[in-house]
Amino acid sequence: MTVAEIQRALLARGYDLGPSGADGDAGPRTIAAVSAFQRSAGLVADGIAGPKTQAALQKADISERREAPEKPGWLVLAEALNGLKEAPGAKNNPEVVKLFADAGFPGIKTDSTAWCAAFVNAVLERAGHRGSRSLAARSFEGWGIGLPAPALGSIATKKRGNSSWQGHTGLVVGANKDQVFLLGGNQSDAVNVAAFKRSEIVAYRWPADVPLPPPHTLPTTIAGARSGVSEA
């Protein structure tokens, strides 16, 4: 198979190769997608599309090997934190502060520091997956494997206004044509489920070491979901 043929096979299975698509250039995104596919197919994940990888790509039933758990582990851990809030006044909630430590930033001791990325990174790390290792919400835009649409537990990144770097991140728990529902931290100073405009979402990402989620239908509404939450 040529590089372009390998890329087309990856695209057909839902792997995101970026705006260039099947351009015949085995760049970083193609290598990352090959590695993710190899893990899904039970092959050595070296990013090299050798004979075994090519044979697996040509199998019609390979999608059966890509099945993921109904609810990924990091989402289960995140749901257990739903309702967590910052402490009032000058106090600090130690459970929020621990999110920073588990995300790789033990030096942060206050819950007044923006913590949406710390929340996502912490639950990923607790579940055994490497996060973005950054407290910037939009660091997740280039992390892991891109998905063409929201999936349960995928990490969504949204923009804030016209800023090229400010934004918010959370875990997808539902979506409809106008809104995406995110379970996230620092949403009005707490962990909760909130609705955001779908037009503001700039990326849906998935851990590169986890099989891609099979096609599924998300809830189109979430009871109790908040709207207009503060992300700062």
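The first residue in the sequence is number 1, and the count goes up from there.
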When you look at Asn82 and Asn192, which way does the side chain to side chain contact (heavy atoms under 4.5 Å, CB included) test go after all the steps?
-> CA-CA 5 Å; Asn82 197 357; Asn192 52 54; 4.1 Å; yes
Derivation and outcome, side chain to side chain contact (heavy atoms under 4.5 Å, CB included), residues Leu10 and Val34 = CA-CA 8 Å; Leu10 291 168; Val34 169; 3.8 Å; yes
Tell me, with the steps shown, if Gln187 and Phe119 meet side chain to side chain contact (heavy atoms under 4.5 Å, CB included).
-> CA-CA 11 Å; Gln187 296 182 167; Phe119 172 77; over 6 Å; no
Should Ile222 and Leu183 be marked as a side chain to side chain contact (heavy atoms under 4.5 Å, CB included) after you check the CA-CA gap, both sets of side-chain angles, and the distance that decides it?
-> CA-CA 11 Å; Ile222 303 291; Leu183 173 61; over 6 Å; no
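When side chains are defined from C-beta on, Val172 does not count as touching Ile201, because their heavy atoms never get closer than 4.5 Å. At least one side-chain heavy atom of Pro150 sits less than 4.5 Å from a side-chain heavy atom of Leu218. Side-chain atoms of Leu99 and Arg126, non-hydrogen and from C-beta on, do get closer than 4.5 Å to each other. A heavy-atom distance below 4.5 Å is not found between the side chains of Lys52 and Gln38. You'll find the side chain of Leu171 reaches within 4.5 Å of the side chain of Val120, heavy atoms only.
Atom-to-atom distance recorded for Asn186:CG and Leu84:CG is 11.0 Å, nearest 0.5 angstrom. A distance of 9.5 Å separates CZ of Phe181 from OG of Ser227, quoted to the nearest 0.5 Å. To the nearest 0.5 Å, the span separating NZ on Lys158 from CZ on Arg138 amounts to 9.5 Å. Expressed to the nearest 0.5 Å, how far CG of Leu212 lies from CZ of Phe37 amounts to 10.5 Å. Rounding to the nearest 0.5 Å places CD of Glu231 at 10.5 Å from OG1 of Thr169. Rounding to the nearest 0.5 Å places CD of Gln7 at 8.0 Å from OG1 of Thr2.
With Arg39 contributing its side chain and Ala208 its backbone, the two residues share a donor-acceptor pair below 3.5 Å. With Ser35 contributing its side chain and Asp46 its backbone, the two residues share no donor-acceptor pair below 3.5 Å. For Arg205 (side chain) and Trp143 (main-chain N/O), a donor-acceptor pair under 3.5 Å exists by modelled atom type. Panel note: side chain Gln54, backbone Ile6; no donor-acceptor pair is recorded below 3.5 Å. Checked by atom type and distance alone, the side chain of Trp206 pairs as donor or acceptor with a backbone atom of Pro211 at under 3.5 Å. Arg198 contributes no side-chain N or O that, together with a main-chain N or O of Gln179, makes up a donor-acceptor pair within less than 3.5 Å. For Trp74 (side chain) and Gly153 (main-chain N/O), a donor-acceptor pair under 3.5 Å exists by modelled atom type. Under a 3.5 Å cut-off, the side chain of Asp111 and the backbone N or O of Ala87 do form a donor-acceptor pair. Of the possible polar contacts, none joining the Ser139 side chain to the Leu135 backbone as a donor-acceptor pair under 3.5 Å is found.
Residues Arg130 and Arg133 come closest through the heavy atom pair NH1-NH1, 2.8 Å. Of all heavy-atom pairs spanning Ala9 and Leu57, the tightest one is CB-CD2, 4.0 Å. When all heavy atoms are compared, the tightest approach of Asp25 to Thr30 is O-OG1, 3.7 Å. Residues Gly185 and Val191 approach most closely at CA-CG2, 4.1 Å, considering heavy atoms. In terms of heavy-atom proximity, Ala137 sits nearest to Cys116 at CB-SG, 3.7 Å. Pairing each heavy atom of Ser112 with each of Glu86, the nearest pair is CA-OE1, 4.4 Å.
Counted by atom type alone, Ser132 and Asn121 present one or more donor-acceptor pairs between their side chains at under 3.5 Å. Side-chain contact annotation: Thr157 with Glu141, donor-acceptor N/O pair under 3.5 Å absent. Between the side chains of Glu200 and His168, not a single donor N or O lies within less than 3.5 Å of an accepting N or O.
In the hydrophobic clustering of this structure, Phe140 groups with Leu81; members are Ile, Leu, Val, Met, Phe, Trp, Tyr whose side-chain heavy atoms approach within less than 4.5 Å, directly or through other members. Using a 4.5 Å cut-off between side-chain heavy atoms of Ile, Leu, Val, Met, Phe, Trp and Tyr, with links allowed through other members, Val193 and Tyr204 fall into the same hydrophobic cluster.
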